[in-house]
A.B. asks: 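Quick one: this structure, given as structure tokens, is what I'll be asking you about.
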Amino acid sequence: MTLRLHDTATRDVRDFVPLEAGKAGIYVCGLTVQSEPHVGHVRSAVNFDVLRRWLTASGYDVTFIRNVTDIDDKILAKGEAQGRPWFEIAYLMGRELDKALDAINVLPPTYEPAATGHVPEILELIGQLVSRGHAYPAEDGSGDVYFDVRSWPSYGELTRQRVEDMEPAEDADPRGKRDPRDFALWKGWKKALEPETAAWPSPYGPGRPGWHIECSAMAAKYLGPAFDIHGGGVDLRFPHHENELAQSRAAGQQFAAYWLHNAWITTAGEKMSKSLGNSLLIPEVLKRVRGIELRYYMVSAHYRSHVEFSFDALDDAAAAFRRIESFLERSDAAHMAAELPAAFVAAMDDDLGTPAAIAVIHEHVRDGNRLLAAGESADDIASLVVAMLDVLGLDPGDPKWGPSGGSDDERLSAAVDVLVAGMLEERASARAEKDWARADAIRDRIAAAGIAVEDTPDGPTWSLAEGDA
RNA sequence: GGUGGGUUGGCCGAGAGGCGAGGCAACGGACUGCAAAUCCGUAUACACGGGUUCAAAUCCCGUACCCACCUCCA
């Protein structure tokens, strides 16, 4: 069986055939670094991280590009409002994003190009479009350059819309456009409103890149005029991806062969982009569950399914993940490169069917627990479980999740271990004397400290209790 | 107005013509001094109305409700 992916352009699931055998080039639209990342922002990153890991696990040599939009109206406005340079905002928010993605084990992209670092490439692409008659400098001398939508007959092909049916944006600035639907490739510097640092010289006067053109230019630079997969959130289908496609094709490039779009995470049916307070910012959510549990929550839904975020559902997901984890703790994964179970491979090959893939993991966990209950070794099954989790970026044994050596966490844990071990010895002697009251009193004291005790054939063990640990 | 998607059990969440994905929660049993963990078992579903079919959660038609996008939101 081969990998099949849902392509927005053809609206069906079809076999993935790479342009070059054994290789896969992916371009994913990253974030505009204008605010702190929340749960919604990182879903896209997790989804495409899973795609990348699966392609890699399937033997592809993957080049994965995720851009950073580090200049736009909002970043400039924020800088203005805070009295700080816009690039300081972009840099700081970029670092916050890196931290958030690292906390949920999203691998760094092969390259992570930023818009401001590619002004020459962008201007070259704009120049091509102008000379081919698909773009024009604004006729009002504003310094803007627009893509001429009417000059490109297949405009709208990605989202199957006809230009005539599109509502002209109410907030669109009509100055100097031939058609209200024409979009900006280059934005002329507004001297009175924008800092000089936000303007680059160009044949059309000083200005800065428009949003859509940066992706076209950077995709071509790092992946070439034709590449395999272009990804992003559903909201980007139009206008962003439609515009990218039009620009790149109008410039004579083949562009992406497959278009993948992930669905939203919403709360109370609303998009998260609105101001919903801070509770959904990644650092806040990570006070409630661990990064690996948040990742499990995201991976347990299919990437094209809309997810209604709730803390209850998040807690459930965390509980489900702990079941897998506790099985692994009670067995010994050999950590050899075990061959993945066929059902897992089939699930992943079917348009990244992570829910079915996770069901396969749970079935293995149950089988493994059954063996353990019968006093047999479940190590082989544990190895398979680890191998499957690893593909999803969910291996608890991955050093990336663990506390770094010599950290406070580790020392604290060692200290607690000494104290709890002493108490458990006392309890053991109480139990030996069948003094249940004293035994339970000791266990209650330990529990009151937020520590759960579990009796096993090899003696009692302790771990931090769920919830308020 | 145009385009795309959705409605599955107490909850989350798969599936896409015939065997109840999986998890969380619940209940019963095993194990345990009692628990916890684990195992075994149980119940509760496919928005509504028609139609096609031997057979529909799945296909078709209609209805209701919900969501997204329509020019700088993942």
Side-chain angles (χ1 to χ4, degrees), chain A residues 8 11 28-32 34-35 37-48 69 71-74 147 149 156 159-162 164-169 171-173 177 180-184 187 209-212 214 231-240 242-243 261-266 269-274 296-297 300-302 304-308 310 312-321 323-324 326-327 330 343 347 353-363 365-366 369-374 431 434 436 439-440 443 447 452-456 460-461 465:
Chain A
T8 302
R11 282 194 302 185
V28 174
C29 289
L31 282 179
T32 299
Q34 47 110 353
S35 62
H38 56 60
V39 176
H41 288 131
V42 300
R43 180 179 188 191
S44 182
V46 170
N47 288 152
F48 288 105
T69 299
I71 187 163
D72 83 326
D73 291 348
K74 286 179 186 165
F147 183 86
V149 165
T159 52
R160 289 155 203 275
Q161 299 180 90
R162 297 185 311 165
E164 306 81 63
D165 292 333
M166 295 176 190
E167 283 183 359
D171 60 342
D173 191 348
K177 283 188 183 180
R181 284 153 285 232
D182 289 352
F183 56 89
K187 302 179 74 118
W211 179 35
H212 317 298
E214 63 174 271
V234 275
D235 58 315
L236 298 182
R237 283 181 308 195
F238 191 90
H240 188 51
E242 193 72 74
N243 291 355
H261 291 100
N262 65 277
W264 291 98
I265 280 193
T266 59
E270 285 180 51
K271 291 171 61 167
M272 286 190 186
S273 50
K274 311 276 156 62
Y296 177 89
Y297 174 60
S300 65
H302 190 259
R304 284 193 288 118
S305 290
H306 173 129
V307 169
E308 183 75 10
S310 82
D312 284 347
L314 182 63
D315 290 343
D316 282 356
F321 185 73
R323 175 181 162 81
I324 299 171
S326 91
F327 164 65
R330 285 178 295 116
T354 53
I358 285 178
V360 174
I361 292 176
H362 277 288
E363 282 156 12
V365 167
R366 199 198 316 110
N369 278 329
R370 200 180 289 141
L371 286 177
L372 291 177
R431 292 178 76 204
K434 296 199 189 301
W436 307 126
D440 289 350
R443 188 172 61 192
V453 171
E454 186 180 328
D455 288 326
T456 75
T461 64

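Source: prediction; values computed, not measured. Protein chains get the first letters and strands the later ones, always in sequence-line order, with residue 1 at the start of each.
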A.B. asks: Side chain of A:Gln161 only, heavy atoms from C-beta on: which candidate in B:C73, B:U71, B:G2 is closest?
C.D. replies: B:G2
A.B. asks: Please check the phosphate of B:G5 (OP1 and OP2 only) for any side-chain N or O of A:Arg304 closer than 4.0 Å.
C.D. replies: no
A.B. asks: Which nucleotide, B:C34, B:U38, B:U71, lies nearest any side-chain atom of A:Asp440?
C.D. replies: B:C34
A.B. asks: If each of A:His212 and A:Thr32 is mapped to the nucleotide of RNA chain B with the nearest heavy atom, which maps nearer the 5' terminus, i.e. the 5' end?
C.D. replies: A:His212
A.B. asks: Once rounded to the nearest 0.5 Å, what's the spacing between atom CZ of A:Arg160 and atom CZ of A:Phe238?
C.D. replies: 15.0 Å
A.B. asks: Select base, sugar-phosphate, or nothing to describe what A:Thr69 touches, counting heavy atoms under 4.0 Å on all strands.
C.D. replies: nothing
A.B. asks: Please pick, from B:A74, B:C67, B:C39, the nucleotide with the shortest atom-to-atom distance to any side-chain atom of A:Arg370.
C.D. replies: B:C39
A.B. asks: Describe the nucleic acid contact of A:Asn243 in one word from base, sugar-phosphate, nothing, applying a heavy-atom distance below 4.0 Å.
C.D. replies: base
A.B. asks: Check the angle between the aromatic planes of A:Tyr296 and A:Phe321 and answer parallel, tilted or perpendicular using the 30° and 60° thresholds.
C.D. replies: tilted
A.B. asks: Can A:Trp436 be classed as stacking with the base of B:G33, given a centroid separation cut-off of 5.5 Å and a plane angle cut-off of 30°?
C.D. replies: yes
A.B. asks: Is there a donor-acceptor contact under 3.5 Å linking the side chains of A:Gln34 and A:Thr32?
C.D. replies: no
A.B. asks: For RNA chain B, whose closest nucleotide is more 5', that of A:Ala301 or that of A:Val365?
C.D. replies: A:Ala301
A.B. asks: With the sugar-phosphate defined as primed atoms, P, OP1 and OP2, and the base as all remaining atoms, what B/S/- string results for nucleotides 15-32 of chain B, 5' to 3', for protein heavy atoms under 4.0 Å?
C.D. replies: ------BSSB--------
A.B. asks: Could I get the full list of side chain to side chain donor-acceptor pair (under 3.5 Å) partners for A:Ser35, not counting sequence neighbours?
C.D. replies: none
A.B. asks: For B:A74 versus B:G22, give the span between their P atoms, rounded off to a whole number of Å.
C.D. replies: 37 Å
A.B. asks: P atom, B:A35 versus B:C19: distance in rounded Å?
C.D. replies: 39 Å
A.B. asks: Output the pairing pattern of RNA chain B as a dot-bracket string, 5' first, Watson-Crick or G-U wobble with both distances under 3.5 Å, | for cross-strand pairs, [ ] for crossing pairs.
C.D. replies: (((((((..(((.....[...))).(((((.......)))))....(((((..]....))))))))))))....
A.B. asks: Donor-acceptor pair under 3.5 Å: do we get one between A:Asp312's side chain and the base of B:G10?
C.D. replies: no
A.B. asks: Identify whether any heavy atom of A:Asn369 sits under 4.0 Å from a base atom; if not, whether one sits that close to sugar-phosphate; answer base, sugar-phosphate or nothing.
C.D. replies: sugar-phosphate
A.B. asks: Does any N or O donor sit under 3.5 Å from an N or O acceptor when you compare the side chain of A:Arg443 with the base of B:A35?
C.D. replies: yes
A.B. asks: By the 4.0 Å heavy-atom rule, please label A:Gly30 as base, sugar-phosphate, or nothing.
C.D. replies: sugar-phosphate
A.B. asks: What pairs with A:Phe183 under ring-ring contact (aromatic ring centres under 6.0 Å, His included), at least two apart in sequence or on another chain?
C.D. replies: A:Phe147, A:His212
A.B. asks: Rounding to an integer number of Å, can you tell me how far A:Arg11 CZ sits from B:A68 P?
C.D. replies: 20 Å
A.B. asks: Measure from the side chain of A:Phe238, starting at C-beta and using heavy atoms only, and say which of B:C12, B:G33, B:C70 lies closest.
C.D. replies: B:C70
A.B. asks: Could you give the distance separating B:A21 and B:A57 at their C1' atoms, to the nearest angstrom?
C.D. replies: 14 Å
A.B. asks: Taking only residues two or more places apart in sequence, or in another chain, which ones meet A:Phe327 in a ring-ring contact (aromatic ring centres under 6.0 Å, His included)?
C.D. replies: none
A.B. asks: So what does A:Val307 hit on the nucleic acid, given a heavy-atom distance under 4.0 Å: a base, only sugar-phosphate, or nothing?
C.D. replies: sugar-phosphate
A.B. asks: Who are the side-chain contact (heavy atoms from CB on, under 4.5 Å) partners of A:Arg162, not counting sequence neighbours?
C.D. replies: A:Glu164, A:Asp165
